[in-house]
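See structure below.
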Amino acid sequence: MSWRDWVRTVEIEPSLYAADFSRLGDQIETLLRAGARVFHFDVGDGHFVPPVTIGPIVLKWISPMILEHDGAIDCHLMVENPEHHFEAIREAGGSSVTFHYEACDDLPAVVRAARAHNLQVGLAFKPETSAAYAAHAALASRVDIVLCMSIEPGYSGQEFMPEAYERIRTTRSLLPPDVPVQVDGGIGPDNIAAVREAGATLFVAGSSIFGREDLPRAYRRLLQELA
Ligand code: DX5
Ligand code: ZN
């Protein structure tokens, strides 16, 4: 399975970083029933980003329920040396790894290592990184998706940076049509349509889903804004 099979024109990916971890399985089940299929899983190492977040030990408990529903787990690695984690992520049931342009000295080698573990591959870049550089590197290394960060990576609940629109447009214009642009950070009902307009088709949503009482309703609200 690949990103091409997972994405239904557009895809809203609940970001589990913002979930209530005392009820993680229930919240995933609820969102699966509401129609969510691709879940975003943020790994932070305390070096590339300040917080230590979640990793393969949590992933292995939740991957079976998502995979059983023909879903996928998109792992966003906010870490140095991302290749050190590929094997553990694959074994825990991860479907894809998206690592940072800023964290790779030898991007083609990191992409090869991910493919060797049968993982789909994404390239992320931070707000201060040139979108043109990142997009060219993504093209040259033939990644499957490109993630344009609309916040400084690290925490859920930050505000969308409006400068991201221009970076999304630039990224979209430099990539072939079969490489989706993903946006992560501060996505909600007020900006999701404009983010799509700028060229994104994969939308990561943490607090705008898990910060609400009614998760299915929050998920559907985002979908409606794209309709
Ligand atoms: C933070 C993560 C995001 C985060 C998004 O750096 O990469 O995926 O969970 O959360 P919101 O949607 O609340 O900005
Ligand atoms: Zn993320």
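We count ligands from 1, going down the list as the structure has it; atoms in each ligand are counted the same way.
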Applying a heavy-atom cut-off of 4.0 Å, say which part of Ala18 lies close to ligand 1: side chain, backbone, both or neither.
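Under 4.0 Å from ligand 1, Ala18 contributes no heavy atoms.
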Report the part of Ser15 in contact with ligand 1, treating N, CA, C, O as backbone and CB onward as side chain, heavy atoms under 4.0 Å; options are side chain, backbone, both, neither.
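Within the 4.0 Å criterion, Ser15 contacts ligand 1 through side-chain atoms alone.
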Quick one: which ligand 1 atoms are inside 4.0 Å of a heavy atom on [X]?
{"X": "His76", "answer": "7 (O)"}
{"X": "Gly185", "answer": "14 (O)"}
{"X": "His40", "answer": "8 (O)"}

Which distance, rounded to the nearest 0.5 Å, do you find between the [atom1] of [X] and the [atom2] of [Y]?
{"X": "Ser150", "Y": "Glu159", "atom1": "OG", "atom2": "CD", "value": "11.5 Å"}
{"X": "Met149", "Y": "Glu128", "atom1": "CE", "atom2": "CD", "value": "10.5 Å"}
{"X": "Glu225", "Y": "Ile192", "atom1": "CD", "atom2": "CD1", "value": "8.0 Å"}
{"X": "Trp6", "Y": "Ser96", "atom1": "CH2", "atom2": "OG", "value": "5.0 Å"}

Does any N/O atom on [X] come nearer than 3.5 Å to any N/O atom on ligand 1?
{"X": "Gly157", "result": "yes"}
{"X": "Ser208", "result": "no"}
{"X": "Asp42", "result": "yes"}
{"X": "Ser207", "result": "yes"}
{"X": "Gly154", "result": "yes"}

Decide if the gap between the ring center of Phe48 and the ring center of Phe99 is smaller than 6.0 angstrom.
no
Determine whether the aromatic ring centres of residues Phe21 and Phe210 are separated by less than 6.0 angstrom.
no
Min over Gly206, Gly186, Ser156 of heavy-atom distance to atom 9 (O) of ligand 1 lands on Ser156
Report yes or no: do Leu223 and Val195 belong to one cluster of Ile/Leu/Val/Met/Phe/Trp/Tyr joined by side chain heavy-atom distances under 4.5 Å?
yes
Quick one: sort the Phe160 and Tyr165 rings into parallel, tilted or perpendicular, breaks at 30° and 60°.
tilted
Between Arg196 and Leu226, which heavy-atom pair has the shortest distance, and what is it?
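That closest heavy-atom pairing would be NH1-O, 3.0 Å.
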Quick one: report the N, O or S atom of [X] that is nearest to the Zn ion (ligand 2).
{"X": "His76", "answer": "ND1"}
{"X": "Asp184", "answer": "OD2"}
{"X": "Asp42", "answer": "OD1"}

